[in-house]
S.K.: 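Handing you this structure, nothing more for now.
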Amino acid sequence: MSEKTLRGAAFFDLDRTLIEVNSGYLYAKHERKAGRISSSQFMISSFYIMLYYFSLVDIEAAYRKAATYYRGASERELEQRTWDWFDAEVEPLLLPGARAALDLHREANHPLILLTSSSSYVSERATQAWGLDGWLANHFGVDENGLMDGEILSPLCYGEGKIVYAERWAEENQISLEHSYFYTDSYSDRAMLHRVGHPRVVNPDPRLRRLAQAESWPIHDWTDTEEAVVWG
């Protein structure tokens, strides 16, 4: 990338950043209610989500376990089901400060990119619903018949894997990560926070709050529109 490329983007995590809850938990709850996963599968998923919040889980193992639940399912049906669920239960949850931040970055002509460990199905719908410019997320494997094969593609869009996705996208779109912003709540995103020029912390977990304070990174509460963005 040319050193003259100065345009930055604004990258956003999803769970507990743009929205105040974990969408994975909401989806697991929805799937349990519909009878598509068992009570034990729901409990296992909930346990992994709790460990994920505190960055205490092997996320690749957790995702690969979750992917096996849908082996043999139609990708098109899963996509539509996910979109219907998102429209009903997640779209209204966009936090006031998040909406204000999106508007401010849009006015500044920064591409708005969702950078999340959620699925491609959730991410595509969120991008459409909230007027973002693109998404970077995890992809499930699909066979030649359009059926889920029970795998998840590598590398995961998680931890240092987010840097792989972001750098590839930035190179393709002539974006400087040194001039970009990244908003997240999670300690697991510390590598990406260090990678961008403007790290921003939103409603952080305990370890990320301590790190942000040590690094003098801005900390936002997006339940309040006054805390939307700090420029510079």
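In this text, all values refer to a predicted model and were calculated from it rather than measured experimentally.
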S.K.: If hydrophobic clusters are built by linking Ile, Leu, Val, Met, Phe, Trp and Tyr wherever their side-chain heavy atoms come under 4.5 Å apart, do Tyr69 and Leu78 end up in the same one?
M.R.: yes
S.K.: With Asp103, which residues qualify under side-chain contact (heavy atoms from CB on, under 4.5 Å), at least two apart?
M.R.: Arg99, Arg106
S.K.: Applying salt bridge (charged side-chain N to carboxylate O under 4.0 Å, His left out), which residue pairs with at least one partner in residues 114-123 are found, sequence neighbours left out?
M.R.: none
S.K.: How far does CG of Leu193 sit from OG of Ser186, to the nearest 0.5 angstrom?
M.R.: 9.0 Å
S.K.: What I'd like to find out is whether the side chain of Pro199 reaches to under 4.5 Å of the side chain of Phe182, using heavy atoms alone.
M.R.: no
S.K.: Step by step, work out the side-chain hydrogen bond (donor to acceptor under 3.5 Å, both in side chains) result for Arg207 and Ser188.
M.R.: CA-CA 9 Å; Arg207 285 199 289 177; Ser188 67; over 6 Å; no
S.K.: Can you measure from CD (Glu124) to OG1 (Thr82) and round to the nearest 0.5 angstrom?
M.R.: 11.0 Å
S.K.: Under the salt bridge (charged side-chain N to carboxylate O under 4.0 Å, His left out) test, which residues partner Glu77, sequence neighbours left out?
M.R.: none
S.K.: Report yes if the side chains of Thr116 and Leu136 come closer than 4.5 Å at any heavy-atom pair, otherwise no.
M.R.: no
S.K.: Quick one: list whatever passes salt bridge (charged side-chain N to carboxylate O under 4.0 Å, His left out) with Arg76, sequence neighbours left out.
M.R.: Glu79
S.K.: For the residue pair Arg209 and Pro204, what are the closest heavy atoms and their distance?
M.R.: NH2-CD, 3.4 Å
S.K.: Considering residues at least two apart in sequence or located in another chain, which fulfil the side-chain hydrogen bond (donor to acceptor under 3.5 Å, both in side chains) criterion with Glu75?
M.R.: Tyr121
S.K.: Ignoring hydrogens, what is the shortest heavy-atom contact between Ala9 and Ser180? Give both atom names and the distance.
M.R.: N-OG, 2.9 Å
S.K.: Looking at Glu167, Lys162, Arg168, which one forms a side-chain contact (heavy atoms from CB on, under 4.5 Å) with Val164?
M.R.: Arg168
S.K.: Mind checking what makes ring-ring contact (aromatic ring centres under 6.0 Å, His included) contact with Phe86, not counting sequence neighbours?
M.R.: Trp130
S.K.: Which pair of heavy atoms, one from Arg64 and one from Ser154, lies closest together, and at what distance?
M.R.: NH2-OG, 2.9 Å
S.K.: Under the side-chain contact (heavy atoms from CB on, under 4.5 Å) rule, collect the residues that match up with Thr17, sequence neighbours excluded.
M.R.: Asp13, Tyr183, Thr184, Asp185, Val202, Trp222
S.K.: Can you sort out the partners of Ala212 under side-chain contact (heavy atoms from CB on, under 4.5 Å), two or more places apart, ordered by chain and number?
M.R.: Val201, Trp217, Ile219
S.K.: So, Asn138 and Ser119: side-chain donor and acceptor under 3.5 Å apart, yes or no?
M.R.: no
S.K.: For Leu14 and Leu115: C-alpha separation, side-chain torsions, deciding distance, then whether side chain to side chain contact (heavy atoms under 4.5 Å, CB included) applies.
M.R.: CA-CA 7 Å; Leu14 174 62; Leu115 180 60; over 6 Å; no
S.K.: To the nearest 0.5 Å, what is the distance between OG (Ser123) and CG (Leu114)?
M.R.: 5.0 Å
S.K.: Counting N and O atoms only, with roles assigned by atom type, does the side chain of Asp189 sit under 3.5 Å from a partner on the main chain of Met192, one being a donor and the other an acceptor?
M.R.: no
S.K.: How far apart are the C-alpha atoms of Arg7 and Gln174, what are their side-chain angles, what is the distance that settles it, and do they pass the side chain to side chain contact (heavy atoms under 4.5 Å, CB included) test?
M.R.: CA-CA 8 Å; Arg7 188 184 184 208; Gln174 295 296 294; over 6 Å; no
S.K.: For the CH2 atom of Trp169 and the CG atom of Leu177, what is their distance to the nearest 0.5 Å?
M.R.: 8.5 Å
S.K.: As a quick check of understanding, evaluate side chain to side chain contact (heavy atoms under 4.5 Å, CB included) for Asp87 and Arg125, giving each step before the final call.
M.R.: CA-CA 8 Å; Asp87 292 349; Arg125 198 61 164 183; 2.8 Å; yes
S.K.: What is the distance from atom OG of Ser117 to atom CG of Leu156, rounded to the nearest 0.5 Å?
M.R.: 8.5 Å
S.K.: Which atom pair, heavy atoms only, marks the closest approach of Glu160 to Ala191?
M.R.: CG-CB, 3.8 Å
S.K.: At what distance, to the nearest 0.5 angstrom, does CD1 of Ile113 lie from CG of Asn173?
M.R.: 7.0 Å
S.K.: Does any non-hydrogen side-chain atom of Trp85 lie less than 4.5 Å from one of Leu26?
M.R.: yes
S.K.: Residues in side-chain hydrogen bond (donor to acceptor under 3.5 Å, both in side chains) with Glu91, at least two apart?
M.R.: none
S.K.: Sequence neighbours left out, what pairs pass side-chain hydrogen bond (donor to acceptor under 3.5 Å, both in side chains) with at least one residue falling in residues 139-150?
M.R.: none
S.K.: Going by heavy atoms in the side chains, are Leu93 and Val21 under 4.5 Å from each other?
M.R.: yes
S.K.: Looking only at non-hydrogen atoms, find the nearest pair between Pro111 and Ile175 and report the distance.
M.R.: CG-CD1, 4.1 Å
S.K.: Using 30° and 60° as the class limits, which term best fits the ring planes of Tyr181 and His105: parallel, tilted or perpendicular?
M.R.: perpendicular
S.K.: How close do Tyr165 and Pro155 get, counting heavy atoms only, and between which atoms?
M.R.: OH-O, 2.7 Å
S.K.: Start with the C-alpha distance between Leu102 and Phe12, add both sets of side-chain angles, then the distance that settles side chain to side chain contact (heavy atoms under 4.5 Å, CB included), and finish with yes or no.
M.R.: CA-CA 9 Å; Leu102 292 173; Phe12 299 86; 3.7 Å; yes
S.K.: Under the salt bridge (charged side-chain N to carboxylate O under 4.0 Å, His left out) test, which residues partner Glu178, sequence neighbours left out?
M.R.: Arg195
S.K.: The criterion is salt bridge (charged side-chain N to carboxylate O under 4.0 Å, His left out); which residues satisfy it with Asp133, sequence neighbours excluded?
M.R.: none
